[in-house]
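To keep things clear, I will list the structure first and then write my remarks on it.
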Amino acid sequence: MATVETRELVKRFDGAAAVDRIDLAVREGEFLVLLGPSGCGKTTLLRMLAGLETPTSGDILIGGRVVTRLPPRARDIAMVFQSYALYPHLSVYRNIAFPLKAAGMSKRETEEKVARAAAMFGIGHLLARKPRQLSGGERQRVALARAVVRNPVVFLLDEPLSNLDAKLRTSAREELQQFQRGLGTTTVYVTHDQIEAMGLGDRIAVLDHGRVHQLGTPAAVYHDPADIFVATFIGSPPMNLVRTDGVLCGFRPEHLLPLSCIDPAEALAPMPMTVTRIENLGADRLVYATLGAPNPETKVISRLPSTIDLPIESGRRYEFALCRRNFRYFDPQTGVARPAPS
Ligand code: ATP
């Protein structure tokens, strides 16, 4: 276990900053997710932590020690890539044993460690196979077993689940979380999938254009986004944004409900609206609408749980509302969150 820190970390490619002065402090044993759209700099940041990419400026510390100029092998980290990077000509056993062999470990100790890692990931019966004889999920487990086998102080994972189908992804997510908790190894995990980020991360760093917009718990980035980018990147559908009295107001679709469904003791913000489209998702209905005065033509989305069984039709007007405490406020110029106007 170790802390991971970056200080004013910058990486430029041909003059353009892929990582732009990032200060990050990952706690011991923490599962930190780097989340952001394609091209935001997640992989570049992870590769710098691993020692596979040299920073243009700034520093990286692992366990309090400056490692910025150290090669990957001197950092005591293990990295798992989206592609798994298994050696195709080696058996599963030899793939997992590879880092131990490279470190000069005895045959007996290697056998023990490989057996333990294989058992941990439920792949003990696959040790004689070659990677091409495995499913995507099995390959992923081999890659993870190879990463844990030498007990690194930090795991760096780059979209390790993205080759799996939706069902396998869910179980792999659960497994991964269990292993990480069990081992207590500090983990930095890259993904562009917010469900994965929300489900796995102790904290999430939300990145865009090489900068961290917010570093917080899944609940914090969802409920109290630091700016409009986070508010609209996190959540599907994203946070609604409505301009009122020179301020941008944000609210989550699940807070916008038919007036009759809200406790009248709450301070309410009425939102009369005309429904334009309804999507029935089973557990929820997404109600797309445009607001009436004073925000005509502003589009909003309401998420109604199926337990709210009111008939709602496209093309009709309804009285919707939300509790004022569910409003979030943003500066319309900078997009940064601000306190409620007094
Ligand atoms: P994705 O989710 O698509 O993998 P990402 O957030 O991981 O994206 P990076 O791969 O870190 O993004 O890339 C960040 C930026 O740096 C992009 O604009 C990319 O084109 C650029 N970039 C990355 N590697 C190089 C390179 N070796 N040479 C030049 N530009 C690069």
Side-chain angles (χ1 to χ4, degrees), residues 3-6 9-11 17-27 29-50 52-53 60 77 79-83 140 144 147 154-164 166 169-170 172-177 179-181 185-239 241 250 252-254 328 330 335-337:
T3 54
V4 177
E5 275 175 78
T6 66
L9 197 64
V10 174
K11 178 67 188 183
V19 168
D20 191 6
R21 280 173 293 142
I22 287 190
D23 290 306
L24 210 60
V26 190
R27 299 168 187 149
E30 185 173 31
F31 198 122
L32 185 102
V33 177
L34 304 178
L35 173 70
S38 184
C40 72
K42 314 180 281 293
T43 297
T44 304
L45 176 54
L46 200 76
R47 287 174 56 81
M48 284 195 283
L49 297 181
L52 299 171
E53 202 78 73
I60 299 169
I77 46 105
M79 186 154 173
V80 177
F81 301 91
Q82 181 177 350
S83 60
Q140 185 235 344
L144 289 169
V154 178
F155 285 137
L156 302 174
L157 308 178
D158 191 356
E159 308 232 14
L161 309 185
S162 56
N163 292 344
L164 309 184
R169 256 174 115 118
T170 311
R173 217 158 57 212
E174 199 181 317
E175 271 179 20
L176 191 61
Q177 194 164 43
F179 295 130
Q180 198 271 344
R181 293 268 182 273
T185 310
T186 311
T187 300
V188 183
Y189 184 101
V190 161
T191 184
H192 62 268
D193 178 337
Q194 51 167 298
I195 302 199
E196 217 164 271
M198 299 291 280
L200 282 172
D202 293 317
R203 287 188 302 161
I204 300 173
V206 187
L207 275 78
D208 192 36
H209 289 104
R211 309 202 69 164
V212 175
H213 280 242
Q214 187 168 6
L215 174 60
T217 61
V221 296
Y222 187 79
H223 295 293
D224 293 303
D227 58 25
I228 290 176
F229 172 76
V230 179
T232 50
F233 184 74
I234 304 273
S236 178
M239 188 174 258
L241 290 172
R252 292 284 175 201
E254 62 272 25
R328 297 294 176 267
F330 302 95
V336 173

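Here the structure is a predicted model, which means the values were calculated and not measured.
With sequence neighbours excluded, the residues that form a side-chain contact (heavy atoms from CB on, under 4.5 Å) with Asp208 are Pro37, Cys40, His213, Phe229. By the ring pair (Phe, Tyr, Trp, His ring centres under 6.0 Å) test, Tyr222 is found to be paired with no residue, residues two or more places apart in sequence or in another chain being considered. With sequence neighbours excluded, the residues that form a ring pair (Phe, Tyr, Trp, His ring centres under 6.0 Å) with Tyr189 are Phe31.
Here the side chain of Thr186 pairs no donor or acceptor atom with the backbone of Thr3 at under 3.5 angstrom. No donor-acceptor distance shorter than 3.5 angstrom exists from the side chain of Arg173 to the backbone of Leu200, with no hydrogens or angles considered. With Thr44 contributing its side chain and Val19 its backbone, the two residues share no donor-acceptor pair below 3.5 Å.
Scanning both residues, Val80 and Ala147, for their nearest heavy atoms gives CG2-CB, 3.5 Å. Smallest separation of non-hydrogen atoms from Leu46 and Asp158: CD2-CB, 3.7 Å. Pro253 approaches Pro237 most closely through the heavy-atom pair CG-O, 3.9 Å. Looking at every heavy atom in both residues, Val26 comes nearest to Arg203 through CA-NH2, 4.3 Å. The heavy-atom pair separating His223 from Arg328 by the smallest distance is O-NE, 2.8 Å. Across all non-hydrogen atoms, the minimal contact from Thr232 to Ile228 is OG1-O, 2.8 Å.
Residues Val221 and Met198 meet the side-chain proximity criterion, which asks for heavy atoms closer than 4.5 Å. With contacts defined as side-chain heavy-atom distances shorter than 4.5 Å, the pair Leu144/Gln140 qualifies. Between Lys42 and Glu159, some side-chain heavy-atom pair lies under the 4.5 Å cut-off. Residues Met48 and Thr6 fail the side-chain proximity criterion, which asks for heavy atoms closer than 4.5 Å. Annotation: side chain of Leu49 is in contact with side chain of Ile60 (closest heavy-atom distance under 4.5 Å). The shortest distance between side-chain heavy atoms of Ile234 and Leu35 falls below 4.5 Å.
Atoms NZ and CG, on Lys11 and Leu45 in that order, are 12.5 Å from each other to the nearest 0.5 Å. Taking CD from Gln180 and OG1 from Thr187, the interatomic distance works out to 4.0 Å, rounded to the nearest 0.5 Å. To the nearest 0.5 Å, atom CZ of residue Phe233 and atom CG of residue Leu207 are 9.5 Å apart. Put simply, CG on Leu52 and CE on Met79 are 5.5 Å apart, with the number rounded to the nearest 0.5 Å. Remark: Asp224 CG to Gln214 CD distance equals 8.0 Å, nearest 0.5 Å. Atom CG of Leu32 is separated from atom CG of Leu156 by 11.0 Å, given to the nearest 0.5 angstrom.
The pair Asp202-Arg27 does not meet the salt-bridge criterion, since no charged nitrogen lies less than 4.0 angstrom from a carboxylate oxygen.
Surrounding CD1 of Ile195 are at most 12 heavy atoms belonging to other residues, nucleotides or ligands under 6.0 Å away.
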